[in-house]
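The model shown is predicted, which means the values in this text are computed figures rather than measured ones.
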Amino acid sequence: VTVTNLPIWIVDVAGSAAMIVLSLMCLHLALKLKRVDQSNVIWTYLAWVCYALCLFAFSRGAGHILKQVMIMAGKVNIWEAIRPLSGSINTLSFIVVSSVTLFFHRTWIIYRDIQNDKLALKSLSDELFFLNRHLEHLVTERTKEVAVSERKYRRIFEASRDLILVAGKDGAILELNPEGYAMLRLKSMESLKDKNFRSFFSDEKDWERIEKLLEQDGFVTNMELELKRSDGSRLGSLVSGSFGGGLPGKEETIHFLVKDIEQRKLMEKQMAQADKLASIGQLSAGIAHEINNPLGVILGYTQLLIRNEKTETDRYNDLRTIEKHVKNCKSIVEDLLNFARSSKPEIKTTRINEAADDVLNFVLHHSKADGIDIVRNYDEKVPPMMLDEKKIRQVLVNLLMNAVHAVGKKGIIRLSTEYIKQDNSIAITVADTGYGIEKKNLARIFDPFFTTKPTGEGTGLGLSVSYGIVKSHGGEILVESEPGKGARFTVVLPVIST
Amino acid sequence: MVKSPAMKQIDNKSIKLLFVFLPVLFFPGQAGATQVHGGIEGVVVHQMAHIVFILAMALLIYWLRQHELVIQAGWRRIQYASVFFILWNINAFFVHLIEEQVDILDIAQIGPWQLRLQTQPAFEWSAWFYYMIKLDHLLCVPAMIYLYLGLKNLIETPALELQSGKKEET
């Protein structure tokens with residue numbers, strides 16, 4: 001076929017010219033991009049692609065235009081001479097574009113890494129700049145926060161009502177709070193340098209147990225142990241402890257928290273004592289009721305027989321002896337009933353100070369108390385109270401008789417009354433400087449028939465009866481004693497006004 | 001001068017090599033020292049360059065899509081430029097094939113504005129196919145236009161957005 005060459009010629013020449021112009025424009029833009037960011041490898045890549053395309057466009061475009069011109073001019077041989085050179089340059093430019101493009105993936109990854117590093121560096125730089133500018137302020141703020149926190153924890157440490165102790169692994173005391181000093185009876189400024197917590201345990205094996213448990217579990221919780229204070233006295237306590245997590249380079253520490261449970265133990269003891277006395281009271285009341293009636297019959301018939309008997313006869317004397325012992329028995333039974341609080345109190349307005357003074361005078365009058373100093377101390381604020389005066393007097397007689405007996409020939413007896421406003425109660429205290437009560441007997445002194453007096457001198461019902469009477473008035477009777485230094489009985493009664 | 005055993009060994013090797021190369025010095029034509037590049041070899045190289053160009057552009061498209069750069073208008077246009085370059089290379093490959101490698105079409109310039117295309121039997125289609133693919137600038141010029149538009153967009157975009165690229169392990 002024969003076809004016109006014109007469309008091919010126009011597209012070839014115009015296309016070649018357009019390629020040259022467009023390649024130059026692309027190169028211009030690529031170089032412009034590169035100028036904006038010299039270090040950007042992506043722009044470098046694009047610039048290389050554009051250089052190669054420019055070379056290709058020039059070589060091919062100029063070649064094609066030249067070819068058309070030469071053909072038209074009838075000088076094909078000149079074009080034939082140039083053609084291999086133009087073709088080779090084209091081939092070379094393809095290879096360059098292809099080679100550069102093959103590196104695009106790696107170039108992009110490098111670019112991303114650089115950008116990420118740049119961002120990270122910028123962020124770090126901004127942070128450093130900020131820290132640099134605000135360092136002083138930040139340090140001040142942080143110091144303030146630390147100081148507040150330190151104050152808060154120091155306050156907990158110092159104001160705690162429990163013992164807080166920091167010890168080394170060997171038990172050496174490093175820090176101790178003020179309550180700890182008080183609890184262990186240490187002087188407040190006493191140095192802790194040579195003190196070891198181990199030495200404050202009554203039983204040395206306790207420390208070994210704690211060490212073992214700490215090693216095993218890392219903590220000990222609420223171990224009921226007895227501590228030995230610096231003055232030798234004992235203290236019931238609950239000990240908890242755990243490793244404190246030492247600071248780097250510092251020895252590990254153990255933090256202890258010790259609770260004083262002496263009061264709790266005392267209360268438990270008192271409750272047990274009260275329970276015991278209540279049980280005995282119930283038992284006594286039962287027996288007393290059963291015995292009281294037969295005793296009344298025996299006494300009645302004995303008195304009837306006495307009335308018909310002539311005096312001065314042996315029979316009369318025998319009956320009198322029976323009467324006397326029956327009366328004694330009845331008295332004991334009455335005391336037991338009083339202890340058991342089964343008899344109904346006769347309430348009337350009573351002035352305690354006057355009653356106490358009367359009883360004191362009565363006791364002194366009926367006992368050989370010449371060598372005894374009496375100290376009276378009555379609180380004028382004690383109000384008149386609704387009480388069974390007779391029974392309260394009986395309590396005071398019992399306490400004062402015991403005091404006189406304990407003091408012996410020489411000593412001091414103090415009788416005092418006090419109005420305790422906050423509890424709205426009164427306290428009557430009988431204190432003596434006698435031989436006191438032994439510790440082992442303290443728990444038993446209110447038991448019926450318990451006495452340390454020789455046989456025949458006391459029934460052992462005095463304090464039991466007093467206990468019963470005071471309890472029936474809603475009060476309590478407290479005792480403190482140190483063997484060899486005396487005893488102190490305090491009767492606390494609630495004020496029931498007229 | 002006393003020579004070490006190693007030196008003696010080297011001397012022996014040199015003498016042997018001299019005996020091997022001596023005939024070459026006298027008969028250079030038989031040695032085939034340099035290869036002659038004549039005939040169609042230049043065309044083959046050129047065609048291979050076209051194929052490499054196609055592969056490079058295909059890879060570029062793949063990477064642009066893999067890094068999700070095509071989200072940006074600039075890189076998307078460069079992707080289109082790559083597509084046109086691939087088409088143009090295929091086109092150019094066939095032009096060279098018909099003109100210089102296969103004997104199915106006889107092309108002759110008859111006068112300044114006319115071409116005579118003489119086909120082999122069963123290859124009549126090749127005349128019109130050749131005529132169409134001779135208009136190859138219709139493919140490479142759009143490729144350059146897309147490249148230009150792509151670059152223009154990139155220069156107008158403040159910075160390459162890293163977020164647009166997929167995060168990957170290097």
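Taking all atoms of both residues into account, the shortest heavy-atom contact from Cys26(A) to Leu151(B) is O-CD1, 3.5 Å. In this structure, Leu29(A) and Tyr148(B) approach most closely via the heavy-atom pair CD1-CE1, 3.3 Å.
Atom OG of Ser99(A) is separated from atom CZ of Phe53(B) by 11.0 Å, given to the nearest 0.5 angstrom. Atoms OH and CZ, from Tyr62(B) and Phe104(A) in turn, are 13.0 Å apart once rounded to the nearest 0.5 Å. For the atom pair Tyr131(B) OH and Thr4(A) OG1, the distance stands at 5.5 Å (nearest 0.5 Å). The distance from the CG atom of Leu117(B) to the OG1 atom of Thr2(A) is 7.5 Å, given to the nearest 0.5 Å. Here the straight-line distance linking atom CD1 of Ile155(B) with atom NE2 of His28(A) works out to 7.0 Å at 0.5 Å rounding. From Ser98(A), atom OG reaches atom CG of Asn89(B) across 7.5 Å, with rounding to the nearest 0.5 Å.
Ring centroids of His46(B) and Phe94(A) are separated by less than 6.0 Å, placing the two rings close together. Checked against the 6.0 Å centroid threshold, Phe56(A) and Trp88(B) count as a close aromatic pair.
Heavy atoms closer than 4.5 Å to chain B are found in both the backbone and the side chain of Leu33(A). Interface remark: Arg60(A) contributes side-chain atoms only to the contact with chain B (heavy atom separation under 4.5 Å). Of the atoms belonging to Ile78(B), it is side-chain heavy atoms, and not backbone ones, that fall under 4.5 Å from chain A.
The environment of Glu150(A) atom CD is dense: over 12 non-hydrogen atoms of other residues, nucleotides or ligands sit within 6.0 angstrom. No more than 12 heavy atoms of other residues, nucleotides or ligands lie within 6.0 Å of NZ in Lys32(A), so this atom counts as exposed by the packing criterion. Surrounding OH of Tyr45(A) are more than 12 heavy atoms belonging to other residues, nucleotides or ligands, all under 6.0 Å away. No more than 12 heavy atoms of other residues, nucleotides or ligands lie within 6.0 Å of CH2 in Trp48(A), so this atom counts as exposed by the packing criterion. A 6.0 Å sphere centred on CZ of Arg83(A) holds no more than 12 heavy atoms belonging to other residues, nucleotides or ligands.
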Mind running side chain to side chain donor-acceptor pair (under 3.5 Å) on His67(B) and His105(A) for me, showing each step along the way?
-> CA-CA 9 Å; His67(B) 296 301; His105(A) 176 62; 3.1 Å; yes
Determine, step by step, whether Val97(A) and Phe85(B) satisfy the side-chain contact (heavy atoms from CB on, under 4.5 Å) criterion, reporting the C-alpha distance in whole Å, the side-chain angles of both residues, the deciding distance to 0.1 Å, and the verdict.
-> CA-CA 11 Å; Val97(A) 172; Phe85(B) 272 128; over 6 Å; no
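Ranking Lys152(B), Lys134(B), His50(B) against chain A, the residue ahead of the rest is His50(B), based on heavy-atom pairs under 4.5 Å. Contact tally against chain B (heavy-atom pairs below 4.5 Å) for Leu92(A), Ile95(A), Asp37(A), Leu46(A): the top residue is Leu46(A). Heavy-atom pairs under 4.5 Å with chain A were tallied for Ile54(B), Val141(B), Leu138(B); the largest tally goes to Val141(B).
Applying side chain to side chain contact (heavy atoms under 4.5 Å, CB included) to Thr101(A) and the options Val52(B), Leu60(B), Leu55(B) leaves one that passes, Leu60(B).
Of all residues spanning residues 7-16 of chain A, those with a heavy atom less than 4.5 Å away from chain B's heavy atoms are Pro7(A), Ile8(A), Trp9(A), Val11(A), Asp12(A), Gly15(A), Ser16(A), arranged by number.
At least one side-chain heavy atom of Trp75(B) sits less than 4.5 Å from a side-chain heavy atom of Ile42(A).
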